[in-house]
Amino acid sequence: MESSVLVYIFLTITVVILGLFVRNREYTVSAARGGEKPGMSSKGIMLSPCSRQKARNRVAAFGVYCLLAGVSACRIAVGNDYWVYTANFSLISQERHVSSEIGFNSVVRFFQMLFPEGKIQYVAIFAFFSLTTVFFFVKALCDQGGRFAFSLFLLLTGGYYFNSLNSVRYYFALALALFSMKYVLRKEYGKFFLCVMAGMLIHKSVLLTVPVYLLARFLAGKKIRRWFWILGSVFLGSLVFCQDLYRELIFYFYPFYRDSVFDNGRISWVNLLKCICVLLLCVICYRRSLSDPEKHVADRFYFFLNLFGLIVYCCGSFIPETSRVGYYMIISQVFLLPDLLAEMENGWLRRLCQGGVLAAFTVYFAFQLKGMYATDIRLLPYLNWIFH
């Protein structure tokens, strides 16, 4: 490894330390825990418009945003699809056909109008998507992550932020999906659909979140009945015996994925293992953190999303880019894991689980850093237009 890997390591350490100053547990309730009015704490106490802690939260969260957005926005020639995007920018300027969605193409044309010169043009486009993607990531953590620093640690070491330096369109949609979860929890479905529509203009795979998130929210607010298991078994059977039908539906929206390098039937064993471990922790914490559909609606919502993710990784290998499909579900781990661990009783089991989660994600991050030099990833070496 060469020296630029230290940029990612120091960035992770710095923003997590900065995130420790964000103490937003009282404020996340109004955003994601059952629809309390904004400005009300979990105990029903009216909060001042800008208390000292709230101001400290905003300063620290803004610092986190600036650091993450700065590293992302200033990159150049980072990511295996960086030059693919620049080639598509040229095709868009020539009004030739590209596979990207109309919203993305419109953004590209807007910046091409503002910056006629090629290099400034594509740097500005990448910077725009960096600023917006990181905004939705950080805003989601502020509104839903009651343990902000822990959620931020999982977001970075889980690879979601660093992979957003690649696959620009998809990670914009993923960040928007994470941000929109609070609207599903509050049953503000109009706002949720607006988020999905905005994301669809950039990457239409985000449409998947409509049935998945709504079903997870429905199950989160109900006690599990026998007919839920029956319908679930029927659906699992369809994933096994009706794969051709599902593939035809997928290729209707994404015809260029048929027989491509993404259509390889590969199983993501790492993500499968992550889902299994998270669900095992849910079993341990079920009575305290997941049993009550009214009190634990948010954690139950995240639990069902991870259960759906496990189904995708177990039975959905026929889906092109299976990992990306599952990410819409398992990214909720950045909220679920801190909540489960915080609500465990103090003792050796809690310390063991916390240490295990921290160690597992740290090791996963280390392996990711090592793999970032691969030609099909190329997130390292890190270059930026300020010094290069």
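- For an aromatic pair to be called close, the ring centres must be under 6.0 Å apart, and Tyr82 with Phe126 satisfies this.
- Ser167 and Arg324 share a donor-acceptor pair across their side chains, judged by distance under 3.5 Å alone.
- Taking a 6.0 Å sphere around CD1 of Ile102, one finds it holds 12 or fewer heavy atoms contributed by other residues, nucleotides or ligands.
- The pair Glu101-Lys204 counts as a salt bridge, with a side-chain nitrogen and a carboxylate oxygen less than 4.0 angstrom apart.
- Here the two rings, on Phe129 and Phe104, have centers that are under 6.0 Å apart.
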Kindly indicate, with the supporting measurements, whether the criterion side chain to side chain contact (heavy atoms under 4.5 Å, CB included) is fulfilled by Tyr161 and Val134. CA-CA 8 Å; Tyr161 163 75; Val134 173; 3.9 Å; yes
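- Ser100 and Asn105 form a side-chain donor-acceptor contact under 3.5 Å, judged by distance and modelled atom types alone.
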Determine, stepwise, if the pair Ile330 / Tyr313 fulfils side chain to side chain contact (heavy atoms under 4.5 Å, CB included). CA-CA 11 Å; Ile330 69 170; Tyr313 290 122; 3.8 Å; yes
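- Judged by distance alone, the side chains of Ser205 and Tyr328 do bring a donor and an acceptor atom under 3.5 Å apart.
- Side-chain contact between Thr132 and Val107: absent, with no pair of heavy atoms (C-beta onward) separated by less than 4.5 Å.
- Aromatic ring centroids of Tyr183 and Phe192 lie 6.0 Å or more apart.
- Lys274 forms a cation-pi arrangement with Tyr364, by the criterion of a distance under 6.0 Å to the ring centre and an angle within 45° of the ring axis.
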Working for side chain to side chain contact (heavy atoms under 4.5 Å, CB included), residues Met181 and Ser332: CA-CA 9 Å; Met181 287 181 184; Ser332 61; 4.0 Å; yes
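- Around CD of Gln94, the count of heavy atoms belonging to other residues, nucleotides or ligands within 6.0 Å exceeds 12.
- Arg300 places a side-chain N or O within donor-acceptor distance of the main-chain N or O of Lys222, the cut-off being under 3.5 Å.
- Taking a 6.0 Å sphere around CZ of Phe10, one finds it holds 12 or fewer heavy atoms contributed by other residues, nucleotides or ligands.
- Annotation: side chain of Tyr8 is in contact with side chain of Leu380 (closest heavy-atom distance under 4.5 Å).
- Here the side chain of Thr133 pairs no donor or acceptor atom with the backbone of Ser130 at under 3.5 angstrom.
- Under the 4.5 Å side-chain criterion, counting only non-hydrogen atoms from C-beta, Cys277 is in contact with Leu273.
- Side-chain N or O atoms of Asn80 include none that pairs as donor or acceptor with a backbone N or O of Thr375 at under 3.5 Å.
- The two residues Val108 and Ile125 come nearest to each other via the heavy atoms CG1-CD1, 3.9 Å.
- Side chain of Asp143 to main chain of Phe179: no donor-acceptor pair is present (N/O by atom type, distance under 3.5 Å, no hydrogens or angles).
- You'll find the side chain of Val15 stays beyond 4.5 Å of the side chain of Phe153, heavy atoms only.
- The ring of Tyr160 has its center no closer than 6.0 angstrom to the ring center of Phe137.
- Nearest heavy atom pair, residue Asn306 against residue Leu336, reads ND2-CD2, 3.7 Å.
- Under a 4.0 Å N-O distance rule, the pair Glu188/Lys182 does not qualify as a salt bridge.
- The shortest non-hydrogen separation linking Glu343 to Ser289 is OE1-OG, 2.8 Å.
- When all heavy atoms of Phe301 and Arg217 are compared, the closest pair comes out as CD1-N, 3.5 Å.
- Each of Val16, Leu67, Leu6 was evaluated against Leu11; a single residue qualifies, Leu67, per the side chain to side chain contact (heavy atoms under 4.5 Å, CB included) test.
- In this structure the side chain of Phe172 reaches within 4.5 angstrom of the side chain of Phe136, judged on heavy atoms.
- Ring-plane geometry between His203 and Tyr170 is classed as perpendicular, the angle between the planes exceeding 60 degrees on a 0 to 90 degree scale with a lower cut at 30.
- Looking at Arg288, its side chain never comes within 3.5 Å of a backbone N or O of Met344 through a donor-acceptor pair.
- Inter-residue side-chain proximity for Leu280 and Ile284 is flagged as unmet; no heavy-atom pair is nearer than 4.5 Å.
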Before you tell me yes or no, could you show the steps for Leu272 and Cys314 under side chain to side chain contact (heavy atoms under 4.5 Å, CB included), namely the whole-Å CA-CA distance, both residues' side-chain angles and the distance that decides it to 0.1 Å? CA-CA 7 Å; Leu272 180 61; Cys314 282; 3.3 Å; yes
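- Without hydrogens or angle criteria, Arg96 side chain to Leu91 main chain gives no donor-acceptor distance under 3.5 Å.
- For Ser72 and Arg75, the side-chain atoms include at least one donor-acceptor pair closer than 3.5 Å.
- A donor-acceptor pair is defined here as one N or O able to donate and one able to accept, closer than 3.5 Å; such a pair exists between the side chain of Ser4 and the backbone of Tyr382.
- Between Tyr302 and Phe335, the ring planes are tilted. Angles from 30° to 60° get that label.
- Environment of CZ in Phe21: sparse, with no more than 12 heavy atoms of neighbouring residues, nucleotides or ligands closer than 6.0 Å.
- In this structure a side-chain-to-backbone donor-acceptor pair under 3.5 Å is present from Ser151 to Val334.
- Annotation: Phe89 is not in aromatic contact with Tyr122 [ring centroid separation under 6.0 Å not met].
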